[in-house]
Every structure is written in structure tokens, then in C-alpha cells.
There are 4 protein chains.
Amino acid sequence: MSSEFGNLLRVSVFGQSHGKAVGVVIDGLPAGEELDLEELQRFLDRRRPGTGPLSTARKETDIPEFLSGLENGKTCGAPLCAVIRNADQRSRDYGELQDKPRPGHADFTAWAKWGGRADMRGGGHFSGRLTAPLCVAGGIAKQMLARRGIFVGAHLAAVAGIPDRPFPLCPTRELFDEIAAKPFPVLDGGAGEQMRTAILTAKDELDSVGGVIECAATGLPPGLGEPMFGGVENRLAAALFGIPAVKGVEFGEGFGAAALRGSENNDPFTLGDGQIRAESNRAGGILGGITTGMPLVLRAAVKPTPSIGKPQKTVSLSRLEAAELTIHGRHDPCVAHRAVPVVEAVTAAVLLDMLLEGNHGTF
Amino acid sequence: MSSEFGNLLRVSVFGQSHGKAVGVVIDGLPAGEELDLEELQRFLDRRRPGTGPLSTARKETDIPEFLSGLENGKTCGAPLCAVIRNADQRSRDYGELQDKPRPGHADFTAWAKWGGRADMRGGGHFSGRLTAPLCVAGGIAKQMLARRGIFVGAHLAAVAGIPDRPFPLCPTRELFDEIAAKPFPVLDGGAGEQMRTAILTAKDELDSVGGVIECAATGLPPGLGEPMFGGVENRLAAALFGIPAVKGVEFGEGFGAAALRGSENNDPFTLGDGQIRAESNRAGGILGGITTGMPLVLRAAVKPTPSIGKPQKTVSLSRLEAAELTIHGRHDPCVAHRAVPVVEAVTAAVLLDMLLEGNHGTF
Amino acid sequence: MSSEFGNLLRVSVFGQSHGKAVGVVIDGLPAGEELDLEELQRFLDRRRPGTGPLSTARKETDIPEFLSGLENGKTCGAPLCAVIRNADQRSRDYGELQDKPRPGHADFTAWAKWGGRADMRGGGHFSGRLTAPLCVAGGIAKQMLARRGIFVGAHLAAVAGIPDRPFPLCPTRELFDEIAAKPFPVLDGGAGEQMRTAILTAKDELDSVGGVIECAATGLPPGLGEPMFGGVENRLAAALFGIPAVKGVEFGEGFGAAALRGSENNDPFTLGDGQIRAESNRAGGILGGITTGMPLVLRAAVKPTPSIGKPQKTVSLSRLEAAELTIHGRHDPCVAHRAVPVVEAVTAAVLLDMLLEGNHGTF
Amino acid sequence: MSSEFGNLLRVSVFGQSHGKAVGVVIDGLPAGEELDLEELQRFLDRRRPGTGPLSTARKETDIPEFLSGLENGKTCGAPLCAVIRNADQRSRDYGELQDKPRPGHADFTAWAKWGGRADMRGGGHFSGRLTAPLCVAGGIAKQMLARRGIFVGAHLAAVAGIPDRPFPLCPTRELFDEIAAKPFPVLDGGAGEQMRTAILTAKDELDSVGGVIECAATGLPPGLGEPMFGGVENRLAAALFGIPAVKGVEFGEGFGAAALRGSENNDPFTLGDGQIRAESNRAGGILGGITTGMPLVLRAAVKPTPSIGKPQKTVSLSRLEAAELTIHGRHDPCVAHRAVPVVEAVTAAVLLDMLLEGNHGTF
């Protein structure tokens with residue numbers, strides 16, 4: 001219930017930021033599927049802290065070891081376990097953090113839940129480091145989906161309020177590949193430059209910025225998803241809010257639709273190549289929780305990194321008195337760009353899970 | 001998986017818009033809890049189509065019959081089943097709709113999923129009518145929560161782009177009651193007038209408008225929720241997207257947080273009455289998926305009613321050719337105001353479910 | 001979690017013995033499946049208390065009303081709700097039972113769990129009456145399975161220690177039909193006579209007897225089920241123990257296998273009509289939790305009815321002192337024969353659920 | 001759904017017999033619980049193949065490495081992952097087995113499910129080796145239960161039809177410890193000698209024998225478990241059938257109860273030390289799926305090891321013709337004695353999971 005999601009495909013994530021390892025068990029993967037380890041590593045590298053000035057200085061190679069579930073490079077039906085050892089387990093300065101919860105972090109809620117029992121060094125099990133095993137699961141799911149003509153891609157729709165242009169009506173696989181190959185995952189290079197500047201400015205000011213990620217999936221069959229609580233939106237949202245720092249999820253026009261007229265928001269049906277399609281896609285490919293066959297489009301809001309260098313007001317848990325906290329060490333001034341492949345990963349894993357169920361409605 | 005949600009408390013909704021009845025089975029309710037049927041009916045009436053010009057003309061009394069789970073007016077530990085008979089089962093004009101899917105509706109996706117097998121009269125199982133049994137479940141949950149000092153309330157944060165003012169930092173039970181007693185659930189009466197005008201204008205123009213609902217829950221203990229995928233946000237979002245027309249869910253600052261600096265978005269901790277609290281609540285009462293003890297705040301985006309009187313482009317499913325559709329009959333020009341108690345209901349049911357789990361993390 | 005089972009097909013049972021109604025919601029039924037109501041009623045009648053001397057005198061017609069999920073006699077993809085009103089709601093003599101828990105009944109455990117809050121009149125939600133809605137669900141599942149060449153049948157393998165002969169290696173549909181048409185569901189009429197005599201003797205002596213039910217399912221594809229905890233045995237056992245009075249479940253040779261040699265218990269593989277088959281079926285059609293393609297064979301042990309006319313030792317809950325209890329009214333001196341269709345029903349519902357998942361292992 | 005069980009406490013097992021490692025992820029463990037690693041190792045050693053003649057010659061040290069979930073020797077609220085590397089990965093003779101499924105093994109059903117895609121070396125994910133990580137989970141659960149006065153123990157109730165004497169009405173912790181310390185886990189040493197002889201005789205004859213394991217849990221509070229499908233029996237059975245070779249599960253008198261009269265099988269209530277107790281325990285501590293407070297008693301039937309040295313009839317999958325198979329190498333002539341701690345482990349994990357839910361029925 002806690003660090004797992006999925007129904008027929010179960011993804012169970014484990015590990016703490018400063019523990020021995022992080023990892024994932026994926027149960028229910030179809031058997032006989034070849035796993036391209038190089039492609040998977042390239043995908044993992046998109047999430048990895050880089051060498052540039054935009055990221056934390058933590059050095060991790062993030063190469064998973066596969067303990068089970070693979071046989072001669074192919075899935076074998078048994079649960080797949082992948083482990084990524086933590087190279088960098090330093091825990092300096094943690095002493096102070098144990099007593100002074102960082103504003104905007106899970107330090108306080110972990111303390112409220114477990115008293116002092118949680119391992120919160122570096123964020124513990126709440127750390128963004130847990131997105132590495134999520135990307136292992138999602139990277140595998142992406143390969144299986146791609147084999148079936150379903151492609152998942154994402155870009156930074158905004159950083160610090162600076163918008164990228166949105167995905168076109170029908171984004172292609174090539175477009176997804178193009179973004180994935182970029183050091184900074186945007187469609188509009190000019191906007192990307194502005195975003196980078198905003199991140200670096202925030203960093204210089206010992207502050208941080210947030211962003212929005214837009215993710216799309218193409219090639220989904222119409223009819224996927226169940227009514228009400230078993231819909232594509234329900235299941236994607238439930239999983240996407242598991243990505244640290246995500247505070248909002250919307251599909252298609254999302255919150256923007258609330259300000260439109262019905263005549264603007266309804267997507268007219270039309271015919272194209274003998275297929276029923278929609279002329280626009282404000283529904284984000286989902287009506288009544290079920291796929292229309294148009295691209296699935298969602299956006300996730302990522303809050304600004306709570307770890308900032310500026311002094312902040314907090315309290316001492318032991319002395320129950322006001323305190324000031326200055327977080328030392330280098331932290332990501334923005335995590336939104338690194339979260340782009342994570343949103344892809346979670347989306348891909350949920351979609352694969354739903355596809356495994358088949359259209360059981362008609363048996 | 002489909003029309004159910006919850007873990008220890010399972011809410012299972014059934015019925016079609018033009019079938020015999022809609023209803024709900026609630027399994028896992030604590031035993032010995034008195035049910036105030038009059039209070040429940042008042043809650044259900046908030047959702048019911050009214051007699052005014054803002055709503056559909058469908059007349060339903062929406063009085064549930066309790067088939068099980070109650071004994072002498074109290075819950076008895078057995079699953080509670082409540083049934084609401086459909087008084088108004090007319091299905092005129094449905095013939096045309098069967099062949100011409102309404103843009104923005106689930107007609108097309110139901111057809112894609114089940115062929116012509118679904119009962120889509122009046123929206124079938126996708127109809128807003130299914131929110132009546134949801135309100136039975138949520139209304140019961142609200143009473144149980146209130147008995148424990150936890151209050152859930154909501155208002156229309158926006159309609160047609162016209163904003164209400166937001167909830168104060170710590171909304172009181174009295175404020176929730178006040179809104180609930182209003183015919184139009186807003187904080188700012190002036191904004192409410194503008195919203196009503198916008199709805200009526202849309203109606204006159206054979207169109208519709210959407211809105212945003214803000215919901216808050218007070219009195220929650222800190223430490224509720226599990227890390228990653230078992231968090232309060234995950235479980236609430238999964239259920240909230242089950243409300244027809246909801247296309248976005250956000251917590252605290254939500255998408256707005258993506259444009260803030262960390263120093264703006266982090267809520268400083270402080271002490272008040274010997275309790276650790278936050279000076280602001282941009283986190284919406286949740287950090288790392290776990291409650292902080294501050295009010296839980298969420299917003300749900302409701303798209304404009306897809307059923308509009310204007311002629312729309314669609315296709316004929318039988319002849320696979322372009323077609324025009326004009327939807328006859330009267331429809332809600334806006335459903336956002338009627339969805340206010342529904343958002344409360346779903347929020348309350350999810351929170352009760354999570355509270356039943358207790359803080360099992362420390363056993 | 002409590003009164004529900006199933007994954008893609010969810011069966012949720014509600015009602016109390018002396019409440020208004022019992023019923024079931026079935027979510028996830030494939031759409032477009034014709035429901036033969038007469039056949040269903042014949043199935044329900046097999047479970048119904050008869051007019052003969054073997055059963056309780058409670059009179060119930062057990063005709064379900066379908067509130068949702070059907071459209072023109074076919075399933076429509078929406079959850080199906082069926083309700084059976086309780087005709088006979090007398091609660092005489094309940095006063096004494098509230099204070100003196102019946103040995104062998106759930107009276108005491110319900111009290112331990114819920115204090116005096118449970119509605120335990122006539123056994124409340126623990127009553128055998130709850131098997132009526134289970135049979136609605138299972139009867140529908142049986143029809144859907146039969147349409148796909150999968151047949152489920154059962155007989156009384158033993159009553160009061162008197163054995164019926166076992167099913168043949170490959171029971172036919174005709175054999176299942178033959179047993180279902182009998183007033184007393186055994187293969188060997190002579191054994192049946194002895195069993196009836198044993199039941200009547202027990203009744204005359206104000207006592208009761210138990211029995212064993214053997215159930216088989218033919219036509220299942222090989223490869224159904226998942227390893228370890230998702231196997232056919234796991235899921236069937238989890239549901240079968242939900243039938244009141246079931247205290248043991250075994251597959252194939254079951255407990256008998258524990259006394260065999262491997263060379264006796266292993267079923268040799270062979271070829272028949274170009275298919276790989278087993279020469280014997282001590283595995284009960286399941287190896288490693290997964291179907292072999294041979295008939296699924298299971299047995300469920302049903303304890304003797306705890307309600308007996310003989311005076312019994314118990315305690316007064318209010319006075320915490322020893323007490324004697326004499327249960328008045330007429331009760332079933334044996335429920336095993338009436339449980340035969342219930343075991344079929346639960347088996348059919350679980351198998352349909354598993355078939356809906358498809359062989360997702362190979363996608 | 002497949003290699004996992006539990007609700008608030010999720011146990012997810014991974015690994016293949018001849019892969020790199022086997023292991024387990026346990027999500028939902030209470031935080032701050034000290035883990036006695038030596039005690040855990042002693043528990044694991046009870047399952048480990050010994051050096052004596054009764055077991056396979058496979059040498060494994062079975063020392064788990066903890067990758068997460070522990071901090072300073074205590075649980076920290078995050079999922080615990082334990083990995084046991086496979087020392088002995090030889091796969092000799094596997095070539096023939098790939099084409100000729102072993103009777104009584106999952107070879108054939110794995111082939112039916114996944115084609116040749118499964119890794120079935122040494123039984124793959126179906127191997128008894130997977131019970132090692134199960135014992136890690138159960139050993140941890142046992143320590144947490146013991147801290148709360150709940151003790152779980154088991155013994156060999158029978159091997160090759162030779163019975164041990166049953167547990168006394170109220171087995172003590174000391175009795176459990178005594179059995180656990182024995183090289184052969186029986187109550188009656190004489191019966192144990194006969195069993196060992198039977199095993200060795202079977203071994204000499206290139207054959208194998210099965211057995212029955214009786215497991216008890218003391219100290220459980222009355223009122224644990226939910227009605228119908230959420231009962232203690234349902235959840236234990238669902239998990240126990242996940243232990244390889246288990247073909248039957250019964251509670252209390254189980255199948256024996258089916259041959260008793262109600263007056264014999266009903267446990268009279270009585271008072272002892274001011275507590276309501278039962279004079280006998282044919283219910284096995286469970287009525288209506290809910291604990292009575294008497295010891296929980298269950299039995300699991302373990303079939304004879306299917307791997308025997310005798311030549312057996314099978315088929316060639318590639319040539320679809322009859323074939324003979326002689327399994328080389330040394331195998332356990334009986335696995336029932338090694339399964340004793342495994343049954344304890346699974347029982348303990350399920351009980352801990354249910355205790356974590358608390359008595360949510362009264363909130």
C-alpha cells in the first residue's frame with residue numbers, strides 16, 4: 001500500500017537515500033521480453049544528477065544489478081529485482097536536521113508518524129533518490145510498450161513560470177527521442193535557455209524553483225480503462241503523486257478546462273483514415289476515464305526544491321522552541337528537469353499494467 | 001477495481017442513470033455509529049438538482065433506502081447497502097445518441113470498450129447521477145469524522161474563470177456549515193453573483209461552463225498517510241478523479257507552486273499553543289504524502305458540462321461518416337456547484353478509510 | 001476486504017439474516033452476456049431451504065431483483081446489483097441469544113469484535129442466508145463459463161462420515177447436470193440414502209451432522225494462475241473459507257497426498273488426442289498453483305450445524321457466569337447438502353475472475 | 001498478485017533457484033522494532049538443508065543481507081529488503097528436464113503458461129528455495145509478535161501416515177521453543193523415529209514421502225478478523241497455499257469436523273480467570289472467521305517431493321511423444337520437516353498484517 005503500485009503489474013520500491021542500496025521488485029512482467037540494457041541505462045542517465053551546474057554534486061553511477069527475473073537477457077515470468085548500490089552515503093550535518101525539520105520536507109511528518117525511528121538521512125525513503133529504481137521499472141515498461149507501438153515522452157512544460165510550448169496534437173516517437181537526447185528537455189530551445197537562467201539565478205540566491213512536466217503517450221488503443229475509480233486518470237494520478245515534490249496532476253486541458261465553455265472544451269469527433277478521431281484533444285485522450293485513442297496528455301506540477309541555502313524558520317523538536325535552520329551542502333536548485341524521465345517512467349508502468357488487464361470488459 | 005475505492009473501508013457504487021436504481025455498498029464501516037438520517041438527507045439535498053434555473057429539470061427526490069448495515073439507526077459492522085430508486089427513467093431522444101457520440105462525453109469510449117453493449121441512456125453508469133450514492137457514502141463518513149473532531153467542507157473556488165476568495169488558513173466548522181447552508185456555495189457573495197450570471201449566460205447561449213472546487217479538512221492528526229504511493233494525495237486523487245468531469249487535482253499551492261521559489265513555497269514551522277504548526281499552508285497540509293496537522297487543502301477542476309444545446313460535429317458510428325448532433329432536452333449549464341458536496345463526500349470517505357488503518361507504522 | 005472477493009471481477013455481498021434484504025454487487029462482469037434468468041433461478045433453488053424434513057422451515061422464495069447492470073437481459077458493463085428481500089424476518093427467542101453465545105457460532109466473536117453493536121439476529125451477516133447472493137454471483141459466472149466450455153459441478157462427498165464415491169477422472173457436463181437435478185446431490189444413490197438417514201437421526205436426537213463437498217471444473221485452459229500467492233489454489237481457498245461452516249479446503253489428493261509416496265502421487269504425463277494430459281489427477285488439475293488442463297478438483301469440509309436443540313454449556317455475557325442454552329426453533333440438521341451449489345458458485349466466480357485476467361504472463 | 005501477500009504489511013518474494021539471489025521486500029513493518037539477527041538466523045537455519053541424510057546435499061549458508069529498512073538494527077518504517085545470494089547455482093542435467101516435464105512439478109504448467117520463456121533451472125521461481133526469503137519475513141514477524149505476547153509454533157503432525165501427537169489444548173511458548181530446538185520437529189520422539197525411518201526407507205527406494213504440519217498461535221486477542229472473505233482462515237489459507245507442495249489447509253478439527261455431530265464439535269463456553277474461554281478448541285480458535293482468543297490451530301498437508309529417483313513416465317514437449325524420465329542428483333526425500341518453520345513464518349506474517357489493521361470495526 002505504501003511503496004508499491006499496480007494491479008497485475010506490481011512495482012515495489014525500496015531503499016533509503018543514505019542506506020546500502022535502492023531498488024525495485026517488479027512482479028507480473030510478461031515473460032520472454034528482451035531487455036535492452038544499454039537503452040535502459042541511457043534512460044536512467046537522463047534522471048541521474050549531472051556534472052553541470054544545474055544539479056546536485058552527488059555522484060552516483062546508477063547501474064542496476066539484476067538479481068532475478070531475467071534469463072539470458074529476457075524476462076522469465078518471475079519477479080524482477082534490480083538493485084542500485086548507493087555509492088555516496090555521507091551523512092554529514094545530519095545531526096542538526098534530526099532536530100530541526102526542514103520546511104517543505106517530510107522531516108516533520110516522518111517524525112510525527114514514526115517519532116525518531118525513521119532513517120531520514122538525506123531524506124531517507126522520501127528522497128528523490130528513490131526515483132532511480134522507479135526509472136528502472138518505467139524504463140523496462142517503456143521498452144515493452146514501444147514494442148507494441150506505444151510511445152511515452154515528456155518535456156518540461158514550465159520552469160519558474162517560464163513556459164515551453166506544448167506538445168503538438170499528435171507527438172511522434174521521433175519528437176520524444178529528440179527531447180530525450182537533449183541535455184535540457186524542452187521543445188523550445190529559447191524557453192529552455194530562459195529556464196536554465198532562472199535556475200542558476202535561484203541557485204546563486206540560495207533558492208530554488210519548481211516546474212511543470214507535460215507527458216504524452218501515443219498509440220494507446222481506445223477503450224482502455226474502467227469507469228469511475230478504475231479509470232486511466234485515477235490510476236495514473238495515484239501513481240504520479242508518488243513522485244516526490246509532485247503537488248498537482250491534470251489531464252488534457254485540466255485546470256484550464258474549468259475556465260472554458262463546453263463548446264470550446266468538447267473535442268469534435270471526425271474521421272481520419274477511416275478511424276474515428278478527435279479534431280482537438282482537450283480531453284487529453286480520456287473521456288469517462290477511458291482512452292479515446294487520441295494521445296494521452298497529462299501534466300504534473302513539481303514544487304520548488306525545499307532544500308535551499310537561505311536561512312529558514314523552523315522549530316527544535318527536542319526543545320519545542322523556535323529555531324533557525326541553514327541547510328549546508330549543495331542541493332538541486334530545481335528537480336523538475338530531472339523528474340521528466342520519472343514522470344515518463346511512472347506513466348509507462350501504469351499503462352503497461354492496464355494493458356496487461358486487457359479489455360476484460362468484453363472478455 | 002472499477003466502481004469501488006478504499007482499503008479497509010470499501011465504497012462500491014452501482015447503477016445507471018436510466019436504470020431502476022443507483023446505490024452503494026459500504027463495507028468496513030465501524031460499528032455502533034449512530035446515523036443522523038436528517039443530516040444525511042440535508043447533505044444529499046445539496047447535490048440534488050434544484051428547482052432553480054441553474055440546474056437540470058430532472059426531478060429526483062433522492063431518498064435512500066437502507067437495505068443492510070443498520071440496526072436501530074446505528075451501524076452494525078455488516079456492509080451497509082443504500083439504494084436510491086430512479087424516479088425519472090425517460091429515455092427520449094436516446095436513439096440518435098446511440099449512433100452519434102456526444103463530444104466530450106463517454107459515449108464514444110463506452111462504445112470503443114463495450115461495442116453497443118453498454119447501457120448509455122442518460123450517460124448510463126458514467127452519469128452524474130452516480131454521485132448521489134457517492135454522497136450517501138461520504139455523508140455517512142462526514143458524520144463519523146465530525147464525531148472525532150474532523151470536519152470537511154468545500155466551496156466553489158471558481159466558475160467560468162471567476163474566482164471566489166480562497167479558504168482562510170484555518171477554516172472553521174462554522175464556516176463549512178455556513179457555506180453548506182447557502183444556495184450557491186461560495187465565500188464571496190459578489191463573486192457568486194458573477195458566477196451565476198456566467199452560468200445563466202452560457203445557458204442562454206446553449207453552452208456550458210466549468211469550475212474549480214476547493215475542499216478542506218480540519219482536525220486531521222499529523223502522521224496520517226504512507227510514503228510514496230500510499231500517501232494522502234495519492235489516495236485522494238485516485239478517488240477524486242472518479243467524480244465525473246474532474247480533469248485535475250492539486251494539493252496546497254498545487255500548480256501554482258511550480259512558479260514559486262522554494263523560499264516562498266516552504267511553510268516555516270512555528271509553535272502555537274505548544275503545538276508545532278506551520279505559518280503558512282502552501283503544502284496543503286501534506287508533506288511527503290503524510291499529514292502535517294495543518295488543514296488538508298485540495299482543489300479539483302471540473303470541466304464544462306459536455307451536453308450543450310449548440311449543434312456539434314460528431315460522427316455516425318454505424319455509417320462511419322461525419323454527422324451533426326444537436327442535444328435536446330435540458331441539461332445542467334454547469335455541474336461544478338452541484339459537485340461541491342461530491343468532492344466533500346469523496347474526501348471524507350477516503351480520509352475515514354485512512355484513519356481506520358490507524359498509524360500502523362508504529363503499531 | 002471483508003465481504004468481498006475478486007480482482008478484476010469483484011463480488012461484494014451484503015445483508016443480514018433478519019434485515020430487509022440480502023444482496024450482491026458484481027463489478028467487472030464482461031458486457032453483452034445474456035443472462036438466463038430461469039436457469040439462474042433453478043440454480044438458486046438448489047440452495048434454497050426445501051420443504052422436506054432435511055432443512056429448516058424458514059420459507060424464502062429467493063427471487064432476486066436486478067437493480068443495475070442488465071440491459072435487455074444482457075450485462076452492460078456496469079456493476080450488477082441483485083437484491084433478495086427477506087420475507088421471513090421473525091426474531092423470536094433472540095433475546096436470550098444476545099446474552100448467551102451459541103457454542104460453535106459467531107455470536108461470541110461478533111460480540112468480542114463489536115461489543116453489542118452487531119445485528120446478530122438469526123446469525124446476522126454471518127448467516128447462511130448470505131450464501132443466497134453468493135449463488136446469484138456464482139450462477140451468473142457459471143453461465144458465462146459454460147458459454148466458453150468450462151463447467152463447474154459438485155456433489156456431497158460425505159455426510160456424517162458416510163462417503164459418496166468420488167468424481168470420475170474426467171466428469172462430464174451431463175454428470176454435473178444429473179447431480180444438479182437430484183433432490184440430494186450424490187453420485188451413489190445408496191450412499192445418499194444412508195446420508196439422509198444419518199441427517200434425520202441426528203435431527204431426531206436434536207443434533208446435527210457435517211459433510212464434505214467435492215467440486216470439479218472442466219475445460220479450464222492449462223496455464224491459468226500465477227506462482228506462489230496468486231495461484232488457483234490460493235484464490236479459491238481464500239474465497240471458499242468465506243462460506244459459513246467451511247473449516248478445510250484441499251485440492252486433488254489433498255491431505256491424502258501427505259500419506260502417499262511420490263511415486264504414487266505424481267501424475268504421469270501422457271498423450272491423448274495429441275494433447276499432453278495426465279494419466280491420473282492426484283494434483284487436482286493444479287501444479288505450482290497453475291492449471292494443468294486436467295479437471296480442477298477440490299474438497300471443502302463443512303462442520304456440523306452449530307445450532308442444535310440439545311442443551312449446551314455457555315456463559316452469560318452480562319453476568320459473566322456459566323449458563324445453559326437450549327436453542328429453540330427448527331434449524332438445519334445439516335447444511336452440507338445445501339452448501340453444494342454454494343461451493344460451485346464461489347468456485348465459478350473465482351475462476352471467471354482469473355480467466356478475465358487472461359494469461360497476462362505472455363501479454 | 002503473484003509473489004506477494006498481505007494488506008498493510010506486504011511481503012513480496014523474488015528470486016529463482018539457480019539465479020543470482022532470492023530475497024524479499026517487506027513493506028509496512030512497524031518502525032522502531034529491534035531485530036535480533038541471531039535469533040532470525042537460528043530460525044532460518046531450521047529451514048536450511050542440513051548435513052544429515054534426510055535432506056538434499058545443496059549447500060547454502062542462507063545469510064541475508066539487509067539492503068534497506070533497518071537503521072541501527074531497528075526497523076525504520078521504510079520497506080525492508082533482504083537478499084540471500086545463491087551460492088550453489090549449478091544447473092547440470094537441466095537440458096533433459098527442459099524437454100521432459102517432471103511429473104508432479106510445475107515444469108509443465110510453467111511451460112503451458114510461458115512457453116519456454118521461464119527460468120525453470122532447479123524449479124526456478126517455484127523452487128522450495130523461495131521459502132528462505134519467506135522465512136526472513138516470517139522470522140521478523142515472529143519477533144514482533146513475541147514482543148506482544150503472541151507466539152507461533154509448529155510441529156510435524158504426520159509423515160508418511162505416521163502421526164505425531166497433536167498440540168495440547170493450550171501450547172506454551174516453552175513447548176514451541178523446545179520443538180524448535182529439536183533436529184526433527186515432533187512432540188513424540190518415538191513417532192519421530194518412525195518418521196525418520198520412513199523417510200530414509202523412501203530415500204533408499206528412490207522415492208519420497210509427504211507429511212502434515214500443525215501450527216498454533218497463542219496470545220491472539222479475540223475479535224481479530226473480518227466476516228466472510230476477510231477472515232483469519234481466508235487470509236491464512238490464501239498465503240499458506242503459496243508454500244510449494246501444500247495441497248490442503250484446515251483449521252481446528254478441519255476435515256475431521258465433517259464427521260462429527262454438532263454436539264461433539266461445538267466448543268462449550270466457560271469461564272476461566274474471569275475470561276470467557278472454550279472448554280475444547282475444535283474451532284481452532286476461529287468462529288465466523290474471527291478469533292475467539294483460544295489458540296489458533298491449523299494444519300497444512302505437504303505432498304511427497306515430486307523429484308524422485310525412480311524412472312517416471314512423461315512426454316517430450318518438443319517431439320510430443322511418450323518418454324521416460326530419470327531424475328538424477330540428490331533431492332529431499334521429504335520436505336515436510338523443512339516446511340515446519342515455513343508454515344510458522346507465513347502464519348506469523350499474516351497474523352502481524354491482520355494485527356496492524358487493528359480492530360477497525362470499532363475504530
Side-chain angles (χ1 to χ4, degrees), chain A residues 1-4 6-33 65-72 74-86 110 113-121 124-127 130 133 356, chain D residues 1-4 6-33 65-72 74-86 110 113-121 124-127 130 133 356:
Chain A
M1 284 305 298
S2 143
S3 301
E4 297 184 76
N7 183 21
L8 296 185
L9 184 77
R10 297 281 304 169
V11 175
S12 177
V13 173
F14 60 85
Q16 299 113 251
S17 179
H18 286 54
K20 277 196 183 174
V22 294
V24 65
V25 176
I26 318 171
D27 191 2
L29 280 174
E33 300 270 334
E65 181 191 15
F66 294 91
L67 297 182
S68 66
L70 287 181
E71 166 77 349
N72 300 325
K74 292 185 180 177
T75 56
C76 67
L80 182 150
C81 178
V83 170
I84 301 174
R85 298 268 165 180
N86 288 332
K113 187 172 192 69
W114 294 297
R117 303 176 188 91
D119 169 18
M120 291 301 288
R121 296 169 299 155
H125 187 60
F126 296 86
S127 164
L130 271 293
L356 288 175
Chain D
M1 283 304 299
S2 141
S3 301
E4 296 183 76
N7 183 21
L8 296 184
L9 183 78
R10 297 280 305 169
V11 175
S12 177
V13 172
F14 60 86
Q16 299 112 251
S17 179
H18 286 54
K20 277 195 183 175
V22 294
V24 65
V25 175
I26 317 172
D27 191 2
L29 281 174
E33 300 271 334
E65 181 191 14
F66 294 92
L67 297 182
S68 66
L70 288 181
E71 167 77 348
N72 299 326
K74 292 185 180 178
T75 56
C76 68
L80 182 150
C81 178
V83 170
I84 301 173
R85 298 269 164 178
N86 288 332
K113 187 170 192 68
W114 294 297
R117 300 177 190 91
D119 168 19
M120 291 301 288
R121 295 170 299 153
H125 188 60
F126 296 86
S127 164
L130 271 293
L356 289 174

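In what follows, every chain begins at residue 1, and chains take the letters A, B, ... in the order their sequences are listed. Side chains included, hydrogens not; waters and symmetry mates left out as well; all remaining heavy atoms used.
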With a 4.5 Å cut-off on heavy-atom pairs, point out which of D:Ser12, D:Gly77, D:Gly28 contacts chain A the most.
D:Gly77

When D:Cys81, D:Gly124, D:Gly69 are compared by non-hydrogen pairs under 4.5 Å with chain A, the top option
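If we count pairs closer than 4.5 Å to chain A, D:Cys81 comes out on top.
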
Salt bridge check, A:Glu65 against D:Arg85: does any charged N sit closer than 4.0 Å to a carboxylate O?
yes

Walk me through it: do A:Arg10 and D:Glu4 pass the test salt bridge (Lys or Arg N to Asp or Glu O under 4.0 Å)?
CA-CA 9 Å; A:Arg10 297 281 304 169; D:Glu4 296 183 76; 3.2 Å; yes

Please tell me if the side chains of A:Met120 and A:Phe126 come closer than 4.5 Å, counting only heavy atoms from C-beta onward.
yes

Structural part of D:Val22 lying under 4.5 Å from a heavy atom of chain A
neither

Tell me, please, which residues at least two apart from A:Ala78 pass side chain to side chain contact (heavy atoms under 4.5 Å, CB included).
A:Cys76, D:Gln16, D:His125

Where on A:Leu70 is there a heavy atom nearer than 4.5 Å to chain D: the side chain, the backbone, both, or neither?
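For A:Leu70, backbone heavy atoms alone lie under 4.5 Å from chain D.
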
